[in-house]
Number of protein chains: 2
Amino acid sequence: MASLTDNGALSPMVRKLAAWAALSPEDERAILELPYTVRSFSPGGYIVRDGDKPQNSCVLLSGFAYRHKIVGDGGRQILSIHMKGDLVDLHNSLLHTADHNVQALSQVELACIPHEAVKELAFARPTVGVAMWYDTLVDASIHREWIANVGRRDGRTRTAHLLCEFGVRLETAGLGSTREYDMPMTQEQLSDCTGLTPVHMSRSLKALESEGLVRRTKRAVSIDDWGRLAEAGDFRPDYLHVTMPGIPLL
Amino acid sequence: MASLTDNGALSPMVRKLAAWAALSPEDERAILELPYTVRSFSPGGYIVRDGDKPQNSCVLLSGFAYRHKIVGDGGRQILSIHMKGDLVDLHNSLLHTADHNVQALSQVELACIPHEAVKELAFARPTVGVAMWYDTLVDASIHREWIANVGRRDGRTRTAHLLCEFGVRLETAGLGSTREYDMPMTQEQLSDCTGLTPVHMSRSLKALESEGLVRRTKRAVSIDDWGRLAEAGDFRPDYLHVTMPGIPLL
DNA sequence: CCGCCTCTTTGACTTATGTTACGGTGCAAG
DNA sequence: CTTGCACCGTAACATAAGTCAAAGAGGCGG
């Protein structure tokens, strides 16, 4: 458990929630004073497994994680990607039993908060509670966009859309910009986000590159003309419910 | 606005929330005493449009509704189906601006509650608040399953899965059973749930029927062997987070 | 520096699903 | 009774995406 002296390990959580509601200084302090333990994971490590009954709600302090399900024939579908500040596991802990897996994508540091403490705080301080609720609602909104992405767009459009989403979210998290960002995912993982095969993901990326819409070096993505990529990806950021001055609307 | 004398128009909402948390009699009364107005819609009527700033959170009193998005090329993706007791619009009203459409599927009666009243109740009575939060989390869980369904299962499996989900949800809502239920959707609408074309939905349904997994007459569905249909649909109901004795686990 | 990973690219081929089109059925309105 | 409309079925054909396989391209440990 943390003492006040380690001074703000939970500040990424404050930053995230402050985007959703106007937190008072006391609200912020109450968040920072939540009890937690820090755990770290190597790439591929399981944070939660389908069927677990997690006792903690986890905040990502650094690194990336992803949620996924395995379907009957062994296929994997990635459901969402999480980054610094994200409340990775409010869903599973509040629902009592996990309905999907959460796995580390990179080296990950996690703050684990007993979910009873989270619930207490939510109802003791309505503003914080609204912010947390709002956060889970935004997650759901992203899920809806993914349903549409996977269900009704072709491969090239889907991957462009995904790259746009990453750009905006990384920028709002302070980890990059819509012009350039790092995203440590393999093409296989990207393909599992979009319901494609790895081969087809490779083809789609190649198509986007040869049209000059993105450049990639290793795991870094550069976007020279955001407008064209957003158009190719049928991307409008409304569903992310962020309003930051820096984000181009199209 | 309602007076106490119209006696329990919001009871479907009580029934729904009572499934998620142990409501006290006072909790139930507080819900029933929420202010509301009733509106009705004909099939196809818009309850909320993408971009609206709804002031109300709506409860479905009767009939069916669906949420959907229109993508760039005009394609439609249905995101979820709603039935009696569902809080159709907590998401959109709490997020301030709607990121998708909600439309009536059949004749619909709706109770519209000012969302400020909902929020106040949620924080005045934590048990009710938890139940509402939980409800939105279950919605998100269903969204995740749909991502996997659309992304990683073939047409026949997808449609079997959808038919299973309807069975379980209608049974828990008291509107049918996993052996037989009514669902007033056209094949075009079913295809928009699954990311298929209407033609292929027709093929998939035909396949399931010719294997003896379902029978359909008009808009009614009969399932003789739940186990076989669930297997064909790769369906396990965990993600619905219902625990009713009547629901076969496989 | 070598060898062994994992990841990516590419090609040839297959297949599930999309497209277009037309005919049938049932229901509702006049 | 007719007409029209919305939905459904189905056939022939087109194509996006999947599959299988093999060969580069890094990166990393020994």
Side-chain angles (χ1 to χ4, degrees), chain A residues 42-44 71-78 103-107 149-163 182-210 214-221 232 234, chain B residues 42-44 71-78 103-107 149-163 182-210 214-221 232 234:
Chain A
S42 309
V71 301
D73 68 357
R76 177 177 70 168
Q77 176 66 45
I78 293 182
Q103 215 168 342
L105 197 55
S106 62
Q107 190 66 34
N149 203 38
V150 167
R152 285 292 181 221
R153 296 200 259 249
D154 66 18
R156 169 177 163 282
T157 313
R158 274 183 233 183
T159 90
H161 190 281
L162 189 67
L163 295 178
D182 273 11
M183 173 50 62
M185 294 178 72
T186 67
Q187 293 192 8
E188 184 175 20
Q189 291 161 340
L190 290 171
S191 72
D192 285 339
C193 290
T194 48
L196 300 169
T197 52
V199 220
H200 203 64
M201 177 50 67
S202 177
R203 294 197 269 246
S204 302
L205 286 169
K206 188 186 166 190
L208 293 174
E209 279 186 274
S210 67
V214 293
R215 282 175 297 126
R216 289 176 309 134
T217 50
K218 301 188 191 185
R219 300 291 152 79
V221 176
D234 188 21
Chain B
S42 309
V71 301
D73 69 356
R76 177 177 71 166
Q77 176 66 46
I78 293 182
Q103 215 170 343
L105 195 57
S106 61
Q107 190 65 33
N149 202 38
V150 167
R152 286 293 182 220
R153 295 200 260 250
D154 66 18
R156 172 177 161 279
T157 314
R158 274 183 233 182
T159 88
H161 190 281
L162 189 67
L163 295 178
D182 273 10
M183 172 51 62
M185 295 178 73
T186 67
Q187 293 192 7
E188 183 174 22
Q189 291 161 339
L190 290 170
S191 73
D192 285 338
C193 290
T194 48
L196 300 169
T197 51
V199 195
H200 203 64
M201 177 51 68
S202 176
R203 293 197 271 248
S204 302
L205 286 169
K206 187 186 167 191
L208 293 173
E209 280 187 272
S210 66
V214 294
R215 281 175 298 126
R216 289 176 309 133
T217 50
K218 301 190 191 184
R219 300 292 152 80
V221 176
D234 188 20

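Residue numbers begin at 1 in each chain, while the letters A, B, ... track the order of the sequences. It should be emphasised that the depicted structure is a prediction, and the values quoted were computed from it without experimental measurement.
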Flag the pair Arg152(A) and Asp192(B) as a salt bridge only when some basic side-chain nitrogen lies within less than 4.0 angstrom of an acidic carboxylate oxygen. yes
If you find the nucleotide of DNA chain C closest to Lys206(A) and the one closest to Arg219(A), which residue's nucleotide is nearer the 5' end? Arg219(A)
Any base atoms under 4.0 Å from Gly75(A), or only sugar-phosphate, or nothing? Heavy atoms, all strands. nothing
Which nucleotide in dA17(D), dT17(C), dT8(C) has an atom nearest any side-chain atom of His200(A): dA17(D)
Would you say Gln187(B) places a side-chain N or O within less than 4.0 Å of OP1 or OP2 belonging to dA6(D)? no
Roughly how many Å is it from CG in Leu205(A) to P in dC7(C), rounded to a whole number? 15 Å
Side-chain N or O of Gln189(A) less than 4.0 angstrom from OP1 or OP2 on dC7(C)? no
On the nucleotide dT8(C), are OP1 or OP2 found under 4.0 Å from the side-chain N or O atoms that Ser202(A) carries? no
Would you mind reading off the distance between Met201(A) atom CE and dT19(D) atom C1', rounded to a whole angstrom? 17 Å
Are Gln187(B) and Val199(B) packed together at the side-chain level, in the sense that at least one heavy-atom pair is separated by less than 4.5 angstrom? no
Once you round it to whole Å, what is the distance between P of dT15(D) and CZ of Arg156(A)? 18 Å
Measure the distance from CG on Leu196(A) to P on dT17(C) and round it to the nearest whole Å. 14 Å
Does Lys218(B) come within less than 4.0 Å of Asp182(B), counting only side-chain N to carboxylate O? no
Rounded to the nearest Å, what distance is computed from the CD atom of residue Glu188(A) to the C1' atom of nucleotide dC7(C)? 9 Å
Report the distance from atom CD of Glu209(B) to atom P of dC8(D), rounded to the nearest whole Å. 12 Å
Do side-chain atoms of Gln107(A) reach the backbone of Pro43(A) as a donor and acceptor pair under 3.5 angstrom? no
Asp73(B) CG to dG18(C) P, in whole Å, measures 12 Å
Go nucleotide by nucleotide along DNA chain D from the 5' end; which of Ser204(A) and Lys218(A) gets its closest nucleotide reached first? Ser204(A)
Among the candidates dC7(C), dC20(D), dC8(D), find the nucleotide nearest to the side-chain atoms of Val199(A). dC20(D)
Given dT19(D), dA17(D), dG9(D), the nucleotide with the shortest approach to the side chain of Asp154(A): dA17(D)
Suppose we call a contact any N or O donor and acceptor under 3.5 Å apart; does that hold for the side chain of Arg203(B) and the base of dG18(C)? yes
For Arg152(B) and dA17(D), give me the distance from atom CZ to atom P, rounded to whole Å. 13 Å
At less than 4.0 Å, is any side-chain N or O atom of Arg216(A) found next to OP1 or OP2 of dT9(C)? Yes or no. yes
Would you say that Met201(A) contacts Arg158(A) through its side chain, given a criterion of any heavy-atom pair below 4.5 Å between the two side chains? no
